[in-house]
Each structure stands twice: as structure tokens, then as C-alpha cells.
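Notes to accompany the following structure.
Owing to the predicted nature of the structure, the values given are computational and were not obtained by experimental measurement. Each residue takes its place number in the sequence, starting with 1.
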Amino acid sequence: QHCARHYYRKWNAVDAAIAAHAAHVVLEPDGTGLGADTYVVIWDPSIQQVVGLNGSGRSSRSLSFEQLRELLDPTRQFLPGYGPLSVAVPGTVDVWQELHNRYATLPLAELLEPAIKYAEEGFPWLPVIASKMQNSYNTLLNNIDDVTSGGAFPHAILAR
């Protein structure tokens with residue numbers, strides 16, 4: 001609905017897409033979280049070409065492959081599915097910023113307002129989303145040693 005309101009106010013489709021995607025990140029975090037990858041294919045009228053934006057997660061610049069191998073159990077053939085060694089630097093926010101810089105008409109802060117409002121004030125989850133989030137929570141608990149330091153979560157500071 002928020003996306004449609006943007007569009008009907010004569011705001012452009014990129015404005016609406018950024019706003020809708022940001023709201024989706026909050027409303028359905030298991031579907032597309034802020035730490036997810038984002039890919040965009042868009043027609044760029046200024047160059048009369050289709051442009052692709054690759055927001056795939058990148059590995060940490062400060063951790064070499066050799067260092068990663070030293071941190072892993074030598075018998076392991078794959079990266080762990082959970083924990084800090086499986087984390088990539090997410091590309092979603094970078095794609096939003098790139099889209100905004102190239103094509104949007106409204107301030108990014110204005111496009112993110114609805115998502116921020118949902119995050120701060122809350123919203124009802126559909127039963128299917130609540131079930132998925134419960135499963136994610138259970139997965140976290142089942143892998144607690146991979147995602148914590150001795151069973152304790154690192155201290156987090158809320159950034160504003």
C-alpha cells in the first residue's frame with residue numbers, strides 16, 4: 001500500500017521500489033532481511049540501456065582465505081551455515097543508495113520513513129510469518145555456540 005501511495009503521488013517507480021523494499025525488510029525479515037543480497041535490473045533512460053546492480057554479499061576484506069581456513073575445523077568441507085565465519089557484508093543498503101543516487105527523486109530519509117515507523121511502532125505478523133520467525137529462533141537456539149561467544153551474545157549498541 002505504501003508503494004502504491006508513492007506511485008500515485010507521481011513519485012517515480014524507483015522511489016516506490018526503495019520504499020517498498022525497505023518496508024518489506026521490516027515486515028517480513030525472513031523473506032528479505034537488511035543483511036540480504038539485492039539484485040536490480042532497470043532501464044536507464046539516460047543511456048538507453050538496461051543496467052544491472054549487483055548487491056551480492058561480499059566476504060570480509062580483512063579476513064583472507066588462509067586465515068579463514070585456520071579458523072575452521074580442518075575436517076570441515078564447507079563453511080558453517082551459522083555464525084561469524086559465514087557472514088558476508090550485505091549489499092542491500094548499497095543497492096538502495098546506488099539506485100537512489102542515480103534514479104530517485106525523493107530524499108532517501110523520506111523513503112525509509114514508513115519502514116522506520118513499522119520498526120519503531122510495531123505491526124501484526126501474519127501467522128505464516130510468525131511461524132517462520134519461530135523456526136528461525138529455534139534454529140538460532142540449536143546453533144547457539146556458532147553465533148555466540150561462550151553462549152553470550154556480544155554487547156550491541158543501538159545506532160541512531
Side-chain angles (χ1 to χ4, degrees), residues 1-47 49-65 67-68 71 78-126 128-130 132-137 139-140 143 146-149 153-160:
Q1 289 177 345
H2 175 73
C3 178
R5 282 197 306 271
H6 276 304
Y7 186 74
Y8 289 119
R9 289 182 182 166
K10 308 288 189 224
W11 297 346
N12 76 23
V14 171
D15 291 330
I18 292 169
H21 192 218
H24 191 241
V25 162
V26 175
L27 297 170
E28 194 175 348
D30 68 304
T32 177
L34 193 58
D37 300 334
T38 299
Y39 308 95
V40 175
V41 177
I42 187 170
W43 175 258
D44 187 329
S46 68
I47 60 172
Q49 285 187 325
V50 173
V51 174
L53 297 177
N54 179 355
S56 59
R58 307 287 194 255
S59 60
S60 170
R61 195 177 285 173
S62 64
L63 181 65
S64 70
F65 180 70
Q67 291 170 316
L68 176 64
L71 294 169
F78 302 100
L79 286 174
Y82 303 95
L85 298 180
S86 64
V87 174
V89 177
T92 295
V93 175
D94 186 50
V95 166
W96 290 348
Q97 186 66 59
E98 189 65 28
L99 276 173
H100 184 267
N101 291 346
R102 291 186 190 185
Y103 309 109
T105 59
L106 297 175
L108 187 58
E110 186 175 335
L111 300 176
L112 299 180
E113 281 176 7
I116 293 167
K117 182 178 179 183
Y118 288 131
E120 290 179 342
E121 296 178 11
F123 53 90
W125 267 341
L126 293 171
V128 67
I129 303 300
K132 288 180 181 181
M133 294 307 291
Q134 181 64 53
N135 290 340
S136 294
Y137 178 72
T139 300
L140 173 69
N143 294 279
D146 290 336
V147 296
T148 64
S149 178
F153 288 98
H155 178 72
I157 299 171
L158 181 61
R160 287 209 176 249

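In terms of the side-chain contact (heavy atoms from CB on, under 4.5 Å) criterion, residue partners of L79 (sequence neighbours excluded) are, by chain and number, L68, L72. Partners of Y137 according to the side-chain contact (heavy atoms from CB on, under 4.5 Å) rule, which considers only residues two or more places apart in sequence or in another chain, are Q134, L141. Partners of H100 by ring pair (Phe, Tyr, Trp, His ring centres under 6.0 Å), not counting sequence neighbours: none found. By the side chain to side chain donor-acceptor pair (under 3.5 Å) test, S56 pairs with N54, R58, sequence neighbours left out. For E121, there are no side chain to side chain donor-acceptor pair (under 3.5 Å) partners, not counting sequence neighbours. Taking the salt bridge (Lys or Arg N to Asp or Glu O under 4.0 Å) definition, one finds that K132 meets it with D30, sequence neighbours left out. Not counting sequence neighbours, the partners of L99 by the side-chain contact (heavy atoms from CB on, under 4.5 Å) test are V14, I18, V40, I42, L53, V95, Y103. Shown here are the side chain to side chain donor-acceptor pair (under 3.5 Å) partners of Q67, two or more places apart in sequence or in another chain: S64. In this structure P45 satisfies the side-chain contact (heavy atoms from CB on, under 4.5 Å) test together with W43, Q48, sequence neighbours excluded.
For the ring-ring contact (aromatic ring centres under 6.0 Å, His included) condition, the pairs that include at least one residue of residues 14-33, sequence neighbours left out, are H21-W96. Screening residues 95-106 for salt bridge (charged side-chain N to carboxylate O under 4.0 Å, His left out) gives E98-R102 as the qualifying pairs, with residues at least two apart or on separate chains. For residues 35-44, no pair satisfies salt bridge (charged side-chain N to carboxylate O under 4.0 Å, His left out), with sequence neighbours left out.
Under the 4.5 Å side-chain criterion, counting only non-hydrogen atoms from C-beta, Q97 is in contact with N101.
Heavy atoms only, all atoms of each residue included: V26 and A115 are closest at CG2-O, 3.6 Å. Between Y118 and A23, the shortest heavy-atom contact is CE1-CB, 4.2 Å. Of all heavy-atom pairs spanning A130 and W125, the tightest one is CA-CE3, 4.0 Å.
If you take OG1 on T105 and CG on N12, they are separated by 4.5 Å, rounding to the nearest 0.5 Å.
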